[in-house]
Amino acid sequence: MSFSLLLDLPPELRSKIYALICTSADPISLAFPLAFPAPHHPLLLVSTQLYHEIRPIYFALNTFTLTIHRKPEAEYHHFLSPPFRDNRLQIPSIIISCCRFGSKHFLRCSLLPQIEDMILNGRLRRLEFQVSEEYWEGVRRGVRDARALGAIFRVLRDPYLERGRLCAAKEWTEGNLEGPWRDVTMELMEFESGKDVCIT
């Protein structure tokens, strides 16, 4: 028996093919232009059937990234919108790079409640926040506002997370944080619990 079309194959084989096609070795950005919030993978645009078969696989098998700049509302309007919630809940792994914390308390008031929903009601189990080394050291020395870091800490303590961590980076490239990364999760826990943390 020969097959000429992808949709002629049994669903189990199609799912394996979709997984091979849709899995990315690199994290995928969740930023959408506000005027054109199109799906990330072109196969999601082929047909309604392919969209419904591929969408859960695509979101479940990849790691995604959010990069927060000074005004992130336009970039992430679609990601945070109610119609996108079902997709958000499929995501198991996300990296949030905080170059800024956004205007109008974007991180604490807009983004983190959705991240908590993704953990409690969805599949999010691996969460990483990235901040600049300068900001992290400023918070530890008491010269930078620590409210955003406190909100991050509360999310990272969620018992449903399999892995939650905070990383700091010294390098900036074109307004974005770049490695090498230093895991400061334990230092954050000590800082938030009021312990004296030695600065290395």
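All figures in this text were calculated on a predicted structure; none of them were measured in a lab.
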Task: Straight-line distance of Arg157 CZ to Leu188 CG, nearest 0.5 Å - done: 10.0 Å

- [ ] Could you walk me through whether Ile119 and Val155 pass the side-chain contact (heavy atoms from CB on, under 4.5 Å) test, one step at a time?
- [x] CA-CA 9 Å; Ile119 297 169; Val155 173; 4.0 Å; yes

Open item on the list: Within the structure provided, determine whether Ile95 and Phe129 are in side-chain contact (heavy-atom separation under 4.5 Å).
Closed with: no

Open item on the list: With a 3.5 Å distance limit and no angle check, can you tell me whether Thr185 reaches the backbone of Leu166 through a side-chain donor-acceptor pair?
Closed with: yes

- [ ] Using modelled atom types only, decide if a donor and an acceptor are shared between the side chain of Arg85 and the backbone of Leu80 within a distance under 3.5 Å.
- [x] no

- [ ] Please lay out, stage by stage, how Asp26 and Ser24 fare under the test side chain to side chain donor-acceptor pair (under 3.5 Å).
- [x] CA-CA 5 Å; Asp26 299 316; Ser24 173; 5.2 Å; no

TODO: Walk me through it: do Phe59 and Phe84 pass the test ring-ring contact (aromatic ring centres under 6.0 Å, His included)?
DONE: CA-CA 12 Å; Phe59 283 103; Phe84 199 76; 5.7 Å; yes

Task: Donor-acceptor under 3.5 Å (Asn62 side chain, Cys22 main chain) - done: yes

Task: Glu133 versus Ala168, closest heavy-atom pair with distance - done: OE1-CB, 3.5 Å

TODO: Give a yes or no on whether a salt bridge exists between Glu190 and Arg140, defined as a side-chain N under 4.0 angstrom from a carboxylate O.
DONE: no

Open item on the list: With side-chain contact (heavy atoms from CB on, under 4.5 Å) as the criterion, how do Thr48 and His52 come out once you've worked through the C-alpha distance, each side chain's angles and the decisive distance to 0.1 Å?
Closed with: CA-CA 6 Å; Thr48 302; His52 288 294; 3.4 Å; yes

TODO: Begin with the C-alpha distance, continue with both residues' side-chain angles, and end with the deciding distance and a verdict on side chain to side chain donor-acceptor pair (under 3.5 Å) for Glu128 and Gln130.
DONE: CA-CA 7 Å; Glu128 178 179 312; Gln130 300 172 343; 2.8 Å; yes

Open item on the list: If I compare all heavy atoms of Ala60 with all of Pro92, which pair ends up nearest, and what's the gap?
Closed with: O-CG, 3.0 Å

TODO: Output yes when Arg182 and Glu137 qualify as a salt bridge under the 4.0 Å nitrogen-oxygen rule, no when they do not.
DONE: yes

Open item on the list: Do Thr63 and Ile91 have side chains that approach each other closer than 4.5 Å (heavy atoms only, starting at C-beta)?
Closed with: no

Open item on the list: Side chains of Leu112 and Arg154, heavy atoms from C-beta outward: is any pair under 4.5 Å?
Closed with: no

Task: pair Thr65-Leu30: side-chain heavy atoms closer than 4.5 Å - done: no

TODO: State, yes or no, whether a side-chain contact exists between Val184 and Val131 at a heavy-atom distance under 4.5 Å.
DONE: no

Task: Heavy-atom pair of closest approach, residues Trp181 and Cys167 - done: CE3-CB, 3.9 Å

Task: From SG (Cys98) to CG (Leu111), nearest 0.5 Å - done: 8.0 Å

Open item on the list: To the closest 0.5 Å, what do you measure between CD1 (Ile96) and CZ (Phe64)?
Closed with: 13.5 Å

Task: Closest non-hydrogen atom pair between Pro113 and Arg108, with its separation - done: CD-O, 3.4 Å

Task: Which atom of Tyr51 lies closest to which atom of Leu44, heavy atoms considered - done: CD1-O, 3.3 Å

Open item on the list: Does Arg55 form a side-chain contact (heavy atoms from CB on, under 4.5 Å) with Asn87? I'd like the steps, not just the answer.
Closed with: CA-CA 8 Å; Arg55 183 188 59 83; Asn87 294 330; 2.8 Å; yes

Task: Separation between CD of Gln49 and CD1 of Ile54, rounded to the nearest 0.5 Å - done: 9.5 Å

- [ ] Kindly compute the distance separating CD1 (Ile28) from OG (Ser93), expressed to the nearest 0.5 Å.
- [x] 11.0 Å

- [ ] Indicate yes or no: at least one non-hydrogen side-chain atom of Glu134 is less than 4.5 angstrom from one of Arg144.
- [x] yes

Task: Side-chain heavy-atom pair Thr23, Tyr58 within 4.5 angstrom cut-off - done: no

- [ ] Begin with the C-alpha distance, continue with both residues' side-chain angles, and end with the deciding distance and a verdict on side-chain contact (heavy atoms from CB on, under 4.5 Å) for His69 and Glu75.
- [x] CA-CA 10 Å; His69 295 285; Glu75 278 185 303; 4.1 Å; yes

Open item on the list: Nearest 0.5 Å, please: how far is CZ in Arg126 from CZ in Arg165?
Closed with: 12.0 Å

Open item on the list: Taking the side chain as everything from C-beta on, heavy atoms only, tell me whether Arg14 gets closer than 4.5 Å to Leu7.
Closed with: yes

Task: Atom of Leu50, atom of Leu43 and distance for their closest heavy-atom approach - done: CB-O, 4.0 Å

Task: Heavy-atom donor-acceptor pair, Tyr76 side chain to Thr67 backbone, under 3.5 Å - done: yes

